[in-house]
Amino acid sequence: MKIGIVGTGYVGLPSGVGFAELGNDVICVDNNPEKIAALQEGKLTIFEDGLHEMFVKNVKSGRLKFTTSMKEGVENADIVIIAVGTPPHPETKEADMQYIYAAAKEMAQYLRGYTVIANKSTVPVGTGDEVEKIIREQNPNADFDVVSLPEFLREGFAIYDFFNPDRIVIGANSERAKALLQNLYAPFNGKTQILNVKRRSSETIKYASNAFLAMKIHYINEMANFCEKAGADIYEVAKGMGTDSRIGKRFLNPGPGYGGSCFPKDTNAMAFMARKFGVNLNLIETAIKGNDERKIEMADRVLEVAKKYSQAKVAVLGLAFKNGTDDCRESPAMQIVCELLKHDVSLRVYDPKAMENACKLVGDKLEYANDEYDAAKGADVLVILTEWGQFADLDLLRIRGAMRHYNIIDLRNMLKSDDARNAGFNYQCIGL
Ligand code: NAD
């Protein structure tokens, strides 16, 4: 099949590579010329485990191409996948639809023959109708259907998730479009569930899923606060809860709050939509507020220790919103860092992948270290903010040797508390 992918970011790029690997001819379009130039030169623009090898292989085979030209990406395509951003509106926090609508408007003129426009971006209910209207207005003779095809990949596992999805949701209102997408996803038949639903149900499934997961994280974080006061152990509690198949084991890890480019944005967009429809989504509203407050509470835990020292130096390990990615968008680590910067402390930071993106966000307000031990130099407090596996293997005596005072606040529970305490640290973690 010939596939055009519009938007070559964290979703569009791994999806393009994945569809090419399945044998399709894929053209990825992006209106960011620097991004496309880099990709055309064989340089990946995001970090994702396993992406590079598959990218190189498919570019070499000629099945995967990159362009800034919408015409090139769309005119011969059987399916055009929209994967542009839907960031939060700075004031209302609703999904900002300008990129979707601009892409729809631009592609309309190049559609040739029957084409399915599949929306992989996370979009408010009714966007399919709106995209259909825009294309129809621009090109009244176009032969097309608009389908909702929500994406559930996890950053850091994008390639794995592409080939091993828990489910594929297809929201097609026409049989013709449904048949084409079933053909596209034929390699997954018998391996995963393919759910065919109404377009509006499909658009809702994505938001309802992300909001549920965000609430689950917020729930376990509140339970961690409870355990700290009640003398319980959050891991024992999470295990005891998670072995109940109605609850499930996943997403019961306590931490500094949920973040990333999806959960905060999608919970807010869902809450906005509900208010518009006059529906009460109190659980989601409460999780949003509680999660926002949690980042400040976590920064306060650090400041509580740092304030014992004049001109305190804080070493920060981890800036990405989670391990396995360089993405700092809405990263709890970055939000905690920004909160700390409001106070009289200096920060020396290290992240194995996200330093460049962090620097784009906060620039020279931070000192950037070469590794964990370099970050710890002269520090009074060391804080772990992202769950990179390598932080679990820190040489604690070497860290201690680098620091001025020996405090660790581990907001990802990466270290064994006995090891940290035996190495002479005042050690705080979450939920224990
Ligand atoms: P991103 O910002 O990484 O990528 C979007 C890309 O679209 C950018 O490269 C941008 O230059 C390009 N673009 C914008 N307007 C364009 C246009 N008119 N023509 C061509 N290119 C255009 O965003 P992302 O993280 O890949 O997210 C894309 C969508 O997928 C969002 O709606 C997001 O909510 C959803 N989603 C993201 C994830 C994730 O893990 N990142 C997971 C599931 C769903």
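Quick caveat: nothing in here was measured; it's all calculated off a predicted structure. Atoms within a ligand are numbered from 1 in the order they appear, just like the ligands themselves.
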- Query: Are a donor atom and an acceptor atom from the side chains of Y235 and N253 found within less than 3.5 Å of each other?
  - Reply: no
- Query: Do E293 and K289 pass the salt bridge (charged side-chain N to carboxylate O under 4.0 Å, His left out) test, and can you show the C-alpha distance, the side-chain angles, and the key distance before you say yes or no?
  - Reply: CA-CA 6 Å; E293 287 165 359; K289 184 167 173 286; 3.1 Å; yes
- Among residues two or more places apart or on two chains, list those pairs meeting side chain to side chain donor-acceptor pair (under 3.5 Å) that have a residue in residues 75-84. K71-E75
- Protein neighbours of ligand 1 with a heavy atom under 4.0 Å, given by chain and number, are V6, G7, T8, G9, Y10, V11, D30, N31, N32, K35, A83, V84, G85, T86, Y99, A103, S121, T122, E151, L153, E155, K206, S261, C262, K265, R329
- Message: Here's one to test your reading of the geometry: is the NZ or CZ of R154 within 45 degrees of the ring axis of F157 and under 6.0 Å from its centre?
- Response: yes
- Query: Looking only at side chains, do D351 and Y368 share a donor and an acceptor under 3.5 Å apart?
  - Reply: no
- Task: Please confirm whether K216 makes a cation-pi placement over F251, using NZ or CZ under 6.0 Å from the six-membered ring centre and within 45° of the ring normal.
- Result: no
